[in-house]
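Written out below as C-alpha cells is the structure these notes cover.
Note that these values count all heavy atoms, side chains included, but never hydrogens, waters or copies made by symmetry.
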Amino acid sequence: MSLEANKVIGAVLLGGFIVMSANYISKALIHPEGGDSHGGEVATGAKHYPVPEIAAVSTNATTPVVATLAPITPLLAAADAEAGVKVFKKCKSCHQVDGDAGHGTGPNLWDIVNRPIAAAPGYKYSGSLTEKSAEAWNFENLNMFLNKPKNFAKKTKMSFAGLKKEKDRANVIAYLNSLSANPAPIE
C-alpha cells in the first residue's frame, strides 16, 4: 500500500474513534436518572428538577394539537397598547389596520376583536381558518393564534412563527382591541 492510502485509512479510523468517544463521554456526563422526556424529573448532577407536563387539546384527527397557554385576559388589564404598536411592526408588512384600508397579504385587522374568525369581507382565508368561522377572535383565541399560528390553524397561510412572550401578546391584543369604534371591555 502507498503512504497516501495509509493516511486516508488512518483518518477514517481516527474519525470513527472520535465519534465513538464523544458518544461515550456524553452518555457518561448527561444521563436521565429516573425520568423521561414526558414528565417526571431530569437529573442534572446531584440535583433533580421537575419537568412539567404540557397539556394538549385535540378534538379530532384534523385539528392540530394545541399546547395549553395561560389565560391572557388577566394580563390585559396591565397591557400597554402603545407597546403593542411597537411589537405590531412585525405584522404591518402583511396586515392593514385602518378601517378604510383594504387587505394586504393578510386580512385587515380593524375591529378584529370579537369578529367571527375568517369573516373579513373580500379576503380569501385558508380552509383551516374557515373551519373555525363559528368561533370569534376573542382575547383567548387571539392569544393562541399569536403564540403560534400553525398550532391554532394547522394549514393557515400565515407564515409568521408567533410571539413567544406573553407580555408581547397581551400588548398586541390590547392594541388590536383599540382598533375599533367600540373596543371590547377588558375585565
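- The structure places SG of Cys94 at 10.0 Å from CG of Leu109, a figure rounded to the nearest 0.5 Å.
- The local environment of NZ in Lys148 is sparse, with at most 12 non-hydrogen atoms from other residues, nucleotides or ligands closer than 6.0 Å.
- Listed by first and then second residue, the side-chain hydrogen bond (donor to acceptor under 3.5 Å, both in side chains) pairs that reach into residues 162-177 are Asn143-Arg169, Asn147-Arg169, sequence neighbours excluded.
- Here the straight-line distance linking atom CZ of Phe145 with atom CG of Leu163 works out to 11.0 Å at 0.5 Å rounding.
- Residues Asn108 and Ala101 approach most closely at ND2-O, 2.8 Å, considering heavy atoms.
- Around CG of Asp100, the count of heavy atoms belonging to other residues, nucleotides or ligands within 6.0 Å does not exceed 12.
- Both tests pass for Lys132 against the ring of Phe152: distance under 6.0 Å to the centre and angle within 45° of the axis.
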Subject >> Criterion side chain to side chain contact (heavy atoms under 4.5 Å, CB included) on Lys155 and Ser126, from CA distance to verdict >> reply: CA-CA 7 Å; Lys155 294 183 181 178; Ser126 60; 5.6 Å; no

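- Here the CD1 atom belonging to Ile72 is positioned 12.5 Å from the CG atom belonging to Asn141, to the nearest 0.5 angstrom.
- Across all non-hydrogen atoms, the minimal contact from Ala120 to His103 is CB-CE1, 3.7 Å.
- Side-chain contact between Leu179 and Ile112: absent, with no pair of heavy atoms (C-beta onward) separated by less than 4.5 Å.
- Taking the six-membered ring for Trp and thresholds of 30 and 60 degrees, His95 and Phe88 have ring planes inclined between 30 and 60 degrees apart.
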**OP:** Evaluate side chain to side chain contact (heavy atoms under 4.5 Å, CB included) for Met144 paired with Leu69, printing each intermediate quantity in order.
**Re:** CA-CA 7 Å; Met144 287 187 289; Leu69 294 175; 4.1 Å; yes

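- Distance check: Ser178 OG to Glu82 CD gives 8.0 Å after rounding to the nearest 0.5 Å.
- Using a distance-only test at 3.5 Å, with no hydrogens or angles considered, no donor-acceptor pair links the side chain of Lys90 to the main chain of Phe160.
- Annotation for Thr156 and Ser128: closest pair N-OG, 3.2 Å, computed over non-hydrogen atoms.
- Atom-to-atom distance recorded for Leu14:CG and Ser21:OG is 9.0 Å, nearest 0.5 angstrom.
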Subject >> Val113 and Trp137: CA distance, side-chain angles, deciding distance, side chain to side chain contact (heavy atoms under 4.5 Å, CB included) verdict >> reply: CA-CA 5 Å; Val113 176; Trp137 284 119; over 6 Å; no

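- For Thr73, the side-chain hydrogen bond (donor to acceptor under 3.5 Å, both in side chains) partners are Glu140, not counting sequence neighbours.
- Residues Leu75 and Ala170 approach most closely at CB-CB, 4.0 Å, considering heavy atoms.
- Pro149 places a side-chain heavy atom less than 4.5 Å from the side chain of Met158.
- Taking every heavy atom of both residues into account, Phe139 and Ile173 meet most closely at CD2-CG2, 3.5 Å.
- A donor-acceptor pair under 3.5 Å is absent between the side-chain atoms of Tyr125 and the main chain of Glu131, judged by distance alone.
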Subject >> Evaluation steps, side chain to side chain contact (heavy atoms under 4.5 Å, CB included), between Asn23 and Val19 >> reply: CA-CA 6 Å; Asn23 186 30; Val19 169; 5.6 Å; no

